[in-house]
Protein chains: 2
Amino acid sequence: MTKKKHDLTEGEWAIIQAVWSNQPCAAPTVQEVLQSERAWTYSTVKTMMDRMVAKGLLKTERIRNLILYSAAVTRREAQHCEIMRAAKRAFDGAFTPMMQFLLDSNKLSKEQLTELETIIKTKKVEAKSKR
Amino acid sequence: MTKKKHDLTEGEWAIIQAVWSNQPCAAPTVQEVLQSERAWTYSTVKTMMDRMVAKGLLKTERIRNLILYSAAVTRREAQHCEIMRAAKRAFDGAFTPMMQFLLDSNKLSKEQLTELETIIKTKKVEAKSKR
DNA sequence: AAGTTTACTCTACACTTGTAAAGATTGCAA
DNA sequence: TTGCAATCTTTACAAGTGTAGAGTAAACTT
């Protein structure tokens with residue numbers, strides 16, 4: 001299975017997040033879940049979801065008159081594609097400048113910084129042991 | 001001046017990168033600069049740039065029959081918006097999980113990790129002194 | 001069986017983005 | 001003055017995305 005590009009639109013992100021959290025689920029369920037943040041009618045949601053099926057982002061299973069949707073893309077895959085896209089657009093595809101930018105631009109708490117530092121130390125050990 | 005959202009499309013990113021590198025510059029210049037990576041005609045580029053003017057992403061200065069374009073958005077602003085958008089879509093707006101994801105997903109060299117660690121230490125000092 | 005509820009299907013419109021050809025204008029060279 | 005190059009302007013089409021109403025069908029209740 002070749003690596004597919006999963007470039008999700010704003011609306012698709014909202015929907016697939018709801019699907020990940022509730023799969024397998026029906027379209028009306030997704031509409032209800034998103035109701036509080038999106039003023040979408042069932043009709044809008046259904047259309048978007050069926051288009052996502054056509055794009056290979058969701059898959060369906062029919063049980064009598066009910067259609068259950070599941071994500072055809074993992075959260076990690078989708079996140080990875082989103083980040084790669086951002087890096088490509090804004091940083092010529094380079095992740096390290098992007099991370100540096102993130103660190104420079106955002107007010108992270110000491111706790112968060114410490115946590116990241118710990119992760120980096122771990123990564124350094126892994127990088128070292130793998131060399 | 002209120003903080004504007006600068007959500008740039010794929011095409012807009014290519015164009016504004018070229019403008020940042022050559023501003024102030026004319027549309028034909030941008031077309032030539034992008035020629036090697038984008039098979040766009042002058043007409044396409046001009047249309048996109050004029051739309052970007054309408055969206056407040058570029059500004060113009062007319063000298064006789066020549067229109068010179070400059071970016072109305074700094075590279076940092078645009079990069080920031082791109083990252084915030086990615087974070088919002090893929091990480092519910094949270095930067096730390098995004099950062100962790102980046103660290104988990106990319107094979108960084110020891111040197112790169114050290115560099116990031118240094119930045120974090122610097123940020124920790126700043127965060128501490130600001131509290 | 002009729003009525004109601006739930007979900008699906010069909011259809012359509014508006015806007016954005018990408019793409020670009022054809023025509024018009026300006027400025028310069030011959 | 002004419003011709004040409006460079007640039008601008010006008011116009012248009014296609015595909016994707018967002019949005020959703022009206023009609024239809026299935027399942028359940030009375």
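Below, chain A is the first sequence line, B the second, and so on; all start at residue 1. Keep in mind it's a predicted model, so treat the numbers as computed, not measured.
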Ignoring hydrogens and geometry beyond distance, is the side chain of B/T41 in donor-acceptor contact with the base of C/dA21 at under 3.5 Å?
no
Examine C/dA20: is either OP1 or OP2 under 4.0 Å from a nitrogen or oxygen in the side chain of B/T44? Give yes or no.
yes
Mapping A/L66 and A/R51 to their closest nucleotides on DNA chain C, which lands nearer the 5' end?
A/L66
Across the strands shown, which category fits B/T9 at heavy-atom distances under 4.0 angstrom: base, sugar-phosphate, nothing?
sugar-phosphate
To the nearest Å, give me how far apart CD (B/E10) and C1' (D/dA15) are.
16 Å
Between CG of A/D7 and C1' of C/dT17 the distance, given in whole Å, is 15 Å
Is it true that B/K55 and B/E12 make a salt bridge, defined as a side-chain N closer than 4.0 Å to a carboxylate O?
yes
Earlier contact from the 5' end, DNA chain D, for B/T47 and B/T29
B/T29
Pair B/D50 + B/K46, salt bridge at N-O below 4.0 Å
yes
Send over the distance from A/I15 CD1 to D/dT19 P, rounded to a whole Å.
10 Å
Note: B/A71 and B/L58 closest approach over all heavy atoms is CA-CD2, 3.8 Å
With a 3.5 Å cut-off and just heavy-atom distances, do the side chain of B/R38 and the base of C/dG18 make a donor-acceptor pair?
no
Whole-Å distance, B/R62 CZ to C/dT25 C1', equals 10 Å
For D/dG21, does the base pair up with any side-chain atom of A/S43 as donor and acceptor (N or O, under 3.5 Å, distance only)?
yes
Rounded distance in Å - CG (B/D50) to C1' (D/dT10):
12 Å
To the nearest Å, how far apart are A/M48 CE and D/dG21 P?
15 Å
In terms of heavy-atom contacts, does CZ of B/R76 have more than 12 from other residues, nucleotides or ligands at under 6.0 Å?
no
OP1 or OP2 of C/dC8 sitting under 4.0 Å from any side-chain N/O of A/Y42?
yes
Residue pair A/E12/A/A39 against DNA chain D: nearer the 5' end by closest nucleotide is A/E12
Specify the separation, in whole Å, of atom NZ of A/K46 and atom C1' of C/dT9.
8 Å
Are B/K124 and A/E117 within salt-bridge range, i.e. N to O under 4.0 Å?
yes
Check the distance between C/dC8's P and A/I63's CD1 and give it to me in whole angstrom.
12 Å
When we call it a touch if two heavy atoms are under 4.0 Å apart, what does A/R64 touch: a base, just sugar-phosphate, or nothing?
sugar-phosphate
